A.B. asks: 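Okay, handing you the structure first.
Keep in mind the model is a prediction, meaning the values are calculated, not measured.
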Amino acid sequence: MHAQVTNPATDSAHPGGENVVDKALPPRRRQWVSILSWFVAVELFLFAPLKFLPFGLAGWPSYPVKFQHWGYPSWFAYVIGGWEVFVAVMLIQPRRRFLGAASLLFILTGAVATHVINHDTIQDSVAAPVHLVFAALIALACWPADWKEPLRLGTAKPSRGT
């Protein structure tokens with residue numbers, strides 16, 4: 001027979017699928033992390049779909065045109081827009097906030113680098129670094145309690161008594 005494999009960090013210590021990372025934070029910090037996560041998620045839900053529009057709004061060019069100007073293929077706007085919507089969904093789920101914030105860090109690092117390399121105006125460039133800081137704060141606040149777990153190779157040790 002196969003031995004039952006359990007992970008004490010996720011199975012027995014967390015009945016009902018509670019979010020350990022969120023519960024480990026002091027209540028006031030947990031509240032601010034939640035507010036900041038929801039703020040960023042709502043912004044992503046509102047503005048990420050603009051990357052799917054084939055036309056510009058209020059005199060601004062469409063995102064596929066912007067991406068071509070920055071040196072990327074136009075279809076990359078759709079990939080980034082979809083990724084941002086996915087990140088927004090992860091940010092509103094307490095158990096997935098760290099992954100959402102870490103993914104957003106990746107996207108926004110590329111955005112900041114793109115704006116700097118292309119010498120974009122300040123009104124085009126200010127949102128990316130501000131949101132990069134927000135994503136970093138969320139990721140640091142929601143850092144997994146056992147940060148070594150994702151780095152371990154192999155399978156978990158079998159539990160005793162089974």
Side-chain angles (χ1 to χ4, degrees), residues 9-10 14 17-153:
T10 58
H14 312 53
E18 296 174 10
N19 181 7
V20 177
V21 174
D22 211 31
K23 300 283 186 207
L25 294 174
R28 195 128 175 101
R29 188 182 304 168
R30 187 177 340 141
Q31 181 182 18
W32 280 106
V33 169
S34 181
I35 289 169
L36 186 58
S37 297
W38 273 91
F39 175 74
V40 173
V42 167
E43 281 191 326
L44 288 172
F45 279 130
L46 290 174
F47 295 113
L50 296 177
K51 291 184 175 62
F52 297 105
L53 295 178
F55 52 87
L57 294 175
W60 295 90
S62 68
Y63 273 96
V65 170
K66 286 182 180 183
F67 274 71
Q68 280 184 326
H69 171 74
W70 292 326
Y72 301 109
S74 60
W75 56 264
F76 201 60
Y78 306 119
V79 172
I80 296 297
W83 195 354
E84 287 178 351
V85 170
F86 181 68
V87 163
V89 170
M90 288 196 297
L91 284 174
I92 62 173
Q93 300 175 22
R95 288 185 64 109
R96 303 288 180 241
R97 279 194 183 132
F98 174 75
L99 294 175
S103 295
L104 192 56
L105 283 170
F106 185 73
I107 295 170
L108 291 173
T109 300
V112 169
T114 296
H115 289 300
V116 169
I117 290 169
N118 287 288
H119 307 288
D120 288 340
T121 62
I122 192 71
Q123 66 257 32
D124 288 337
S125 305
V126 74
V130 169
H131 287 88
L132 182 66
V133 171
F134 289 165
L137 291 172
I138 295 167
L140 289 172
C142 296
W143 193 275
D146 185 9
W147 63 272
K148 292 184 268 184
E149 183 64 30
L151 303 176
R152 289 192 183 128
L153 298 175

A.B. asks: Side-chain polar contacts of residues 77-87 - donor-acceptor pairs under 3.5 angstrom, sequence neighbours left out - could you list them?
C.D. replies:
unit_1: Glu84; atom_1: OE1; unit_2: Lys51; atom_2: NZ; d: 3.1

A.B. asks: Got a sec, which residues hit ring-ring contact (aromatic ring centres under 6.0 Å, His included) with Trp70, two or more places apart in sequence or on another chain?
C.D. replies: Phe67, His115

A.B. asks: To the nearest 0.5 Å, how far apart are CG in Leu137 and CG in Leu132?
C.D. replies: 10.0 Å

A.B. asks: Sort and list the pairs that fulfil salt bridge (Lys or Arg N to Asp or Glu O under 4.0 Å) and have at least one residue in residues 130-139, not counting sequence neighbours.
C.D. replies: none

A.B. asks: So do Ser62 and Leu53 actually touch side chain to side chain, heavy atoms under 4.5 Å?
C.D. replies: no

A.B. asks: If we only count heavy atoms from C-beta on, is the Phe134 to Leu104 side-chain gap below 4.5 Å?
C.D. replies: no

A.B. asks: So which atom in Ala139 and which in Ala101 form the shortest heavy-atom distance, rounded to 0.1 Å?
C.D. replies: N-CB, 3.6 Å

A.B. asks: Donor-acceptor pairs under 3.5 angstrom involving side-chain atoms of residues 35-43: please list them, not counting sequence neighbours.
C.D. replies:
unit_1: Ser37; atom_1: OG; unit_2: Val33; atom_2: O; d: 2.7
unit_1: Ser37; atom_1: OG; unit_2: Arg97; atom_2: NE; d: 3.4
unit_1: Glu43; atom_1: OE1; unit_2: His131; atom_2: NE2; d: 2.2

A.B. asks: Determine which pairs satisfy side chain to side chain donor-acceptor pair (under 3.5 Å) with at least one residue from residues 99-112, sequence neighbours left out, and list them in order.
C.D. replies: none

A.B. asks: For the residue pair Thr114 and Tyr72, confirm or rule out a side-chain donor-acceptor distance under 3.5 Å.
C.D. replies: yes

A.B. asks: Return each pair, listed once, that meets salt bridge (Lys or Arg N to Asp or Glu O under 4.0 Å) where at least one residue sits in residues 136-145; pairs must be two or more places apart or across chains.
C.D. replies: none

A.B. asks: Looking at CZ of Phe98 and CG of Leu91, how far apart are the two atoms once the value is rounded to the nearest 0.5 Å?
C.D. replies: 12.0 Å

